[in-house]
Amino acid sequence: MPAPRIKSPHLLVAESGADREGHGLKRTMGLFQLICFGVGAIVGTGIFVGLSDSVAQAGPAVVVSFILAAITCVFTAFSFAELGGAIPVSGSSYSFAYAGLGESTAFLVGWCLLLEYGISISAVAVGWSQYVNELLHSLTGWQLPDALSAGPGDGGVVNLPAVIVIAMAAVLLVRGVRESARATAAMAAVKLVILLAFCAIGYSAFKDGNLTPFSPAGLGGIGAGTTAAFFSYIGFDAITTAGEEAKNPRRDIPVAILVCMGLVTLLYCAVAVAAIGAIGAHQVGGRPAALSYVVNMVTGSTIGGGVIAFGAVVAIASVVLAVMYGQTRILLSMSRDGLIPRVFEKVSPKTSTPVAGTLIVAVVFAVPAAFASLDSVVNLCTIGTLAIMAVVNIAVMALRRREPGLGRSFRVPLYPAAPLLGVAFCLYLMYETGWQTWVQFAVFLAVGLGVYYAYGRRHSTLGRAEAAGVTPNAERERQAV
């Protein structure tokens, strides 16, 4: 069996920093912008829309579910922080897998990232549509008809708002990363203020009795709630996709990841307790636009619910923007390596953004958002994301062994226990998705392997260099870091 094609971290960094045409990304994002970008990528549909699903599974014990999901993410966040500081490139977990485990694993990680980000963007856009209607109803008493606000699987014809939010994000991303970062920061501030206001309203009507029984479905409900709650954290890894556009990536990326995880976990637990404490888990669970409903019930007016709906519209739009940004940068890295068509690596000299890749991503992800019912594939997105996180934890351990002298601005604490626990938690949540999801995931990976051997392996830049007998100059690579 041939040895895996592994690209050294030094070569990855050297290639990303080259000044040749086609790789002209600009370093414009500071620590504050990275934190806002992380909050923008994480806080959205998961809390504004998905909270009701988690509560339906776990009841008031959803707080435990959020904490367990956070612990799973924190162990992996440590690994992302170490690798993001050591290998500050746009490829994120794809590039980390390439350096740690080899090309075929990296391609499958990139394949899973298409699933994670694709379903995430489409599902988030559908959630945005729900809150747009809630906002319209609150302000005018009118809302879009089902034919224009839901896909055929949900009783409509086309989900027009979902298409609009993806198109708006694409336009902003094409204009430039500085403009996108400013918009993300502004939207992150708005949604944090809205969620804090929700907490103030919810706690004003808090009743201890609403928290009992605390865990009506027992440990099984908490486990199912954790799997549902995990979807709320998807997106924190997008911070590492800004590795080539951060001013000081080796310092700022690890800090931004850890700050975002702590902030988001506290916020999610506070919102969940406020919602359940105000009206009870039985009224929150399974209810669309649950946060607006809670505020309407507490205040006896639709005005407060309208404000929450406005916050949700802003919050969810920022998630679409941030996650689309991450997807285009990962595709850029894969294209640079020759594993997918070269069109995705082309960067506009005028805007310093991958214009063609961004527009292709927008069109591809707008189609399922407009016409498909995504509920049946959310678990597939979850298992794919958990598999990526497990690979990143393994990559940390592989690179510690293979590259002990690699410059690391942050090191995983409690090594190797932390990455091993990260893998264990990921496997546990993967198990909780059910055997049907495992079958879907196996088929998805098999298709990915087929694509890799049919196209990626034959067009690989590293593979062609090896075939030509070209060995990268290790010393040059190290000097370029």
Side-chain angles (χ1 to χ4, degrees), residues 1-7 12 90-123 234 237 241 326-345 354 356-357 360-368 371-372 374 376-392 394-395 398 426-427 430-431 433-468:
M1 183 176 180
R5 293 174 181 168
I6 293 177
K7 178 172 283 192
L12 282 166
S90 291
S92 184
S93 44
Y94 156 76
S95 295
F96 305 155
Y98 212 153
L101 302 172
E103 184 177 273
S104 58
T105 302
F107 185 89
L108 288 180
V109 167
W111 185 250
C112 288
L113 285 166
L114 284 173
L115 176 70
E116 174 191 347
Y117 286 169
I119 293 178
S120 178
I121 290 171
S122 300
I234 289 178
D237 55 322
T241 65
Q327 180 68 88
T328 59
R329 271 51 180 182
I330 289 166
L331 291 174
L332 183 149
S333 294
M334 295 181 72
S335 179
R336 180 188 294 162
D337 292 330
L339 301 184
I340 61 175
R342 295 289 185 180
V343 65
F344 291 100
E345 73 168 325
I360 292 171
V361 166
V363 171
V364 170
F365 292 163
V367 172
F371 300 108
L374 301 170
S376 60
V377 291
V378 167
N379 274 351
L380 183 60
C381 174
T382 296
I383 196 173
T385 303
L386 287 164
I388 293 167
M389 291 169 63
V391 167
V392 170
I394 295 170
C426 288
L427 291 176
M430 290 173 73
Y431 168 77
T433 61
W435 69 267
Q436 297 96 334
T437 304
W438 277 90
V439 171
Q440 292 175 339
F441 187 53
V443 172
F444 179 79
L445 289 181
V447 174
L449 275 176
V451 173
Y452 169 66
Y453 282 104
Y455 182 91
R457 187 171 179 83
R458 293 192 299 111
H459 293 83
S460 165
T461 302
L462 186 60
R464 289 184 175 183
E466 290 178 352

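All values below were derived from every heavy atom in this structure, side-chain atoms included, with hydrogens, water molecules and symmetry-related copies excluded. We're numbering straight along the sequence, starting at 1.
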Can you tell me how far apart CG (Leu12) and OH (Tyr94) are? Round to the nearest 0.5 Å. 8.0 Å
Minimum side-chain heavy-atom gap Leu462-Tyr98 below 4.5 Å: yes
With heavy-atom distances below 4.5 Å as the criterion, would you say the side chains of Met334 and Phe107 are in contact? yes
So how far is it from Leu386 CG to Met430 CE, rounded to the nearest 0.5 Å? 6.5 Å
Heavy atoms, side chains only, cut-off 4.5 Å: are Leu339 and His459 in contact? no
What heavy-atom pair brings Glu345 and Arg336 nearest, and what distance separates the two atoms? OE1-CA, 3.5 Å
Decide yes or no on side chain to side chain contact (heavy atoms under 4.5 Å, CB included) for Phe441 and Cys112, but give the supporting numbers first. CA-CA 9 Å; Phe441 187 53; Cys112 288; 3.8 Å; yes
Are side-chain heavy atoms of Val361 and Phe365 found at a separation under 4.5 Å? yes
Measure the CG-OG distance between Leu113 and Ser333 for me, rounded to the nearest 0.5 Å. 10.5 Å
OG1 on Thr461 to CG on Asp337, rounded to 0.5 Å: 6.0 Å
Between the OG atom in Ser104 and the CD1 atom in Ile6, the distance rounded to the nearest 0.5 Å is 9.5 Å
Do Arg457 and Arg5 come close enough that some side-chain heavy atom pair is under 4.5 Å? yes
Can you tell me if CZ on Phe444 sees more than 12 non-hydrogen neighbours from other groups inside 6.0 Å? yes
Using every non-hydrogen atom in the two residues, find where Cys426 and Ala390 come nearest and quote the distance to one decimal. SG-N, 3.9 Å
Determine the minimum heavy-atom distance between Gly448 and Leu108, stating which atoms define it. C-CD2, 4.0 Å
Using only atom types and a distance under 3.5 Å, with no angle test, would you say the side chain of Thr241 pairs donor to acceptor with the backbone of Arg329? no
Can you find a pair of side-chain heavy atoms, one from Leu331 and one from Leu114, that are under 4.5 Å apart? yes
Quick one: pull up CD1 in Ile330 and OG in Ser95 and give me the separation to the nearest 0.5 Å. 8.5 Å
